[in-house]
Amino acid sequence: MNGNIFTKDLLAWYDHHARALPWRLERSPYRTWISEVMAQQTQIDRVIGYFEHWMDQFPNIESVAKAHEEQILKAWEGLGYYSRARNIQKAAAVIIQEYGGDFPQTPEDIRSLPGVGEYTAGAIASIAFRLPVPAIDANVLRVFSRLLDIEISVSDKAAKDEIAKQVCQILPEARPGTFNQALMELGALVCSKRPLCENCPVSDHCVALKNKTVDKRPVLSPKKKSIQIEMATGVLLSAGKVLIQKRKPDDIWPGLWEFPGGGIESGESPEEALVREYMEEVELDIIPHEKIGVIKYSYTRYRVTMHCYLCKLTDTAPVTPVFNEASEGAFVLPDELDGFAFPSGHRRLLESMREDVRYSSLFSFSV
DNA sequence: TATACGTGGAT
DNA sequence: TATCCAAGTAT
């Protein structure tokens, strides 16, 4: 591959087609860092709103370090992979304590920050500090799997090593950050899952195009089967308030809030499961009073069907919950629920209640 | 090296 | 409706 021509064509294309993303309009190491972590394992269009809100709320590293974890998680609510948000806060503390508040400037120091791996370190170093290091993400792997017509899985280390070697060989000293972004942008806009080869500025260099194997690249590893689970969740309404609890560390969604409930065991009805779960989790005797609806959502490899009920306490029941499966919990006013960070399924349950004429009067600002 | 960790748009 | 999979990291 002639790296000079490749780079010239790629950068000319990028200069013309790059999206005007908010973190590109005003650059700083801090903004680059946050945008890169937010963009991990998701699509750029979903990040933009979160990024702008984050910068309004946390305009600098110090404001992140000083924030409560609740605020951090609330700002991240819906983005998923919440350890990223907690790691940002851990890293902010490291930057304040170890680097006097100045973002570290070598690839090794950047890489040592919590939540910053090989890709993100390369992205920050090249984009924010103009250091000539690669930033190889899923886009770049896809682009090079086609450019080089790589026949083995791109998750194979040998494939990654070969791609890294090629990227390093053509990485320009002058504009490494722009070059890395251009490769990713090409992967996102042109060399995507269904590629638009007629629009590709570097198609002359593409071996897969020549070999007519573009739609066979990249070769991906076989994926694991998803697991279907049925759950029952209850919104317990008592004296105008609803019960929520905060998930424990070392489980899925640590630190996020939820309505109590759990998995439906074989032979159980959703209502029976809910009564059992409420007794186990919060030691309250409840009655599933009315079915709110069914919400389907997924997380990691699980596909959840969540049966949702409005619940009441039985007459004789004690009214003080004991939180056996949560770090804390509380009865709160429905209007206060927006201040808590929920996993998406529970957030959608809340929104479905707000839009339901049976429950909208519980909220001051109903749709 | 394999697995856990979320989510929603595209197909 | 079901499956894929996207600007990855930690363990």
Side-chain angles (χ1 to χ4, degrees), chain A residues 14 18-19 21-24 31-51 73 76-88 90-91 110-128 134-143 153-160 177 179-189 191-194 215 218-228 247 249-256 258 294-305 341-348 351:
Chain A
Y14 181 75
R19 291 168 289 183
L21 302 172
W23 47 91
R24 287 178 178 160
R31 290 167 62 87
T32 303
W33 169 43
I34 299 301
S35 69
E36 288 300 339
V37 176
M38 279 189 173
Q40 289 168 10
Q41 291 290 285
T42 190
Q43 280 146 339
I44 290 301
D45 290 345
R46 294 207 57 229
V47 171
I48 295 171
Y50 285 93
F51 178 83
L73 290 174
W76 208 268
E77 183 188 29
L79 258 185
Y81 290 138
Y82 297 90
S83 64
R84 294 182 294 166
R86 283 190 298 278
N87 279 333
I88 283 174
K90 285 184 197 167
I110 297 169
R111 174 72 175 82
S112 74
L113 296 170
V116 175
E118 202 60 33
Y119 160 76
T120 303
I124 296 170
S126 64
I127 295 168
I136 297 170
D137 71 334
N139 283 304
V140 178
L141 292 177
R142 187 173 57 257
V143 168
S153 166
V154 285
S155 37
D156 197 314
K157 190 177 185 310
K160 289 181 178 173
F179 176 82
N180 285 334
Q181 289 184 88
L183 279 181
M184 292 187 272
E185 197 82 337
L186 184 73
L189 301 182
C191 196
S192 48
K193 190 177 177 185
R194 301 184 67 182
D215 57 354
V219 175
L220 298 170
S221 306
K223 31 257 160 225
K224 276 112 215 148
K225 269 180 59 180
S226 56
I227 299 166
Q228 305 277 348
R247 295 187 61 87
D250 305 319
D251 198 356
I252 186 101
W253 301 306
L256 274 69
E258 66 176 5
V294 174
I295 290 180
K296 293 195 170 198
Y297 67 99
S298 60
Y299 64 93
T300 63
R301 68 181 197 279
Y302 298 96
R303 305 289 170 265
V304 182
T305 301
F342 289 87
S344 84
H346 290 248
R347 172 56 61 186
R348 280 171 48 200
E351 297 310 317

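In what follows, chains are A, B, ... by sequence order, proteins preceding strands, each numbered from 1.
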Legend entry - Pair E118(A)-K160(A), salt bridge (Lys or Arg N to Asp or Glu O under 4.0 Å): steps then yes or no: CA-CA 12 Å; E118(A) 202 60 33; K160(A) 289 181 178 173; over 6 Å; no
Inset, instruction - Tell me which of K224(A) and Q40(A) sits closer to the 5' end of DNA chain B, going by the nucleotide each one is nearest to. - result: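 Looking at the nearest nucleotide for each, K224(A) comes out on the 5' side.
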Inset, instruction - Find which nucleotide of DNA chain B each of R46(A) and D251(A) is nearest to by heavy atoms, and output the residue with the more 5' nucleotide. - result: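 Looking at DNA chain B, the more 5' nearest nucleotide goes with D251(A).
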Inset, instruction - Quick one: closest heavy-atom pair of A123(A) and T32(A), and the distance? - result: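 Minimum heavy-atom contact is O-CG2, 4.5 Å.
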Legend entry - Atom of L256(A), atom of P343(A) and distance for their closest heavy-atom approach: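 Closest approach of L256(A) to P343(A): CD2-N, 3.6 Å.
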Check: [Y] and [X] side chains under 4.5 Å, non-hydrogen atoms:
{"X": "T42(A)", "Y": "Y81(A)", "result": "no"}
{"X": "P22(A)", "Y": "I48(A)", "result": "yes"}
{"X": "I136(A)", "Y": "L141(A)", "result": "yes"}
{"X": "Y82(A)", "Y": "I252(A)", "result": "no"}
{"X": "K296(A)", "Y": "R303(A)", "result": "no"}
{"X": "T305(A)", "Y": "V294(A)", "result": "yes"}

For [N] and [M], measure between their [atom1] atoms and round to the nearest Å.
{"N": "dT1(B)", "M": "dA10(C)", "atom1": "C1'", "answer": "14 Å"}
{"N": "dG8(B)", "M": "dT1(C)", "atom1": "C1'", "answer": "15 Å"}
{"N": "dA7(C)", "M": "dA4(B)", "atom1": "P", "answer": "23 Å"}
{"N": "dG6(B)", "M": "dC4(C)", "atom1": "C1'", "answer": "15 Å"}

Legend entry - salt bridge (charged side-chain N to carboxylate O under 4.0 Å, His left out) involving D250(A) - partner list, sequence neighbours excluded: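 Here no residue qualifies.
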Inset, instruction - Go through the structure and list residues passing salt bridge (charged side-chain N to carboxylate O under 4.0 Å, His left out) with R84(A), not counting sequence neighbours. - result: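 Scan of R84(A) (salt bridge (charged side-chain N to carboxylate O under 4.0 Å, His left out), adjacent residues dropped) gives none.
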Inset, instruction - Name the residue closer to the 5' end of DNA chain C, choosing between E185(A) and S226(A) according to the nucleotide with the nearest heavy atom. - result: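 Counting from the 5' end, the first nearest nucleotide belongs to S226(A).
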Mind checking [X] for me? I need base, sugar-phosphate or nothing, with any heavy atom below 4.0 Å counting as a touch.
{"X": "L21(A)", "answer": "base"}
{"X": "G187(A)", "answer": "nothing"}
{"X": "R247(A)", "answer": "nothing"}
{"X": "R111(A)", "answer": "sugar-phosphate"}
{"X": "T42(A)", "answer": "base"}
{"X": "L79(A)", "answer": "base"}

Legend entry - Short side-chain donor-acceptor distance under 3.5 Å, Y119(A) and E36(A):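 Note: E36(A) and Y119(A) side chains meet the donor-acceptor criterion.
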Legend entry - I88(A) and W76(A): CA distance, side-chain angles, deciding distance, side-chain contact (heavy atoms from CB on, under 4.5 Å) verdict: CA-CA 11 Å; I88(A) 283 174; W76(A) 208 268; 3.7 Å; yes
Inset, instruction - Within residues 134-143 of chain A, find the residues that approach DNA chain C with a heavy atom at under 4.0 Å, and present them sorted by residue number. - result: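 Here the set is D137(A), A138(A), N139(A), R142(A).
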Legend entry - 5' to 3' contact window, DNA chain B with chain A (heavy-atom distance under 4.0 Å):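 Terminal contacting nucleotides, 5' to 3': dT1(B) to dT11(B).
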Legend entry - Outermost DNA chain C nucleotides near chain A [under 4.0 Å, heavy atoms]: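 Extent of the interface on DNA chain C: dC4(C) to dA10(C).
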Legend entry - Plane angle bin for Y297(A) and H346(A) - parallel if under 30°, tilted between 30 and 60°, otherwise perpendicular: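 Perpendicular, since the angle between the ring planes exceeds 60°.
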Inset, instruction - Within residues 295-305 of chain A, find the residues that approach DNA chain B with a heavy atom at under 4.0 Å, and present them sorted by residue number. - result: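 Listed by number, they are S298(A), Y299(A), T300(A), R301(A).
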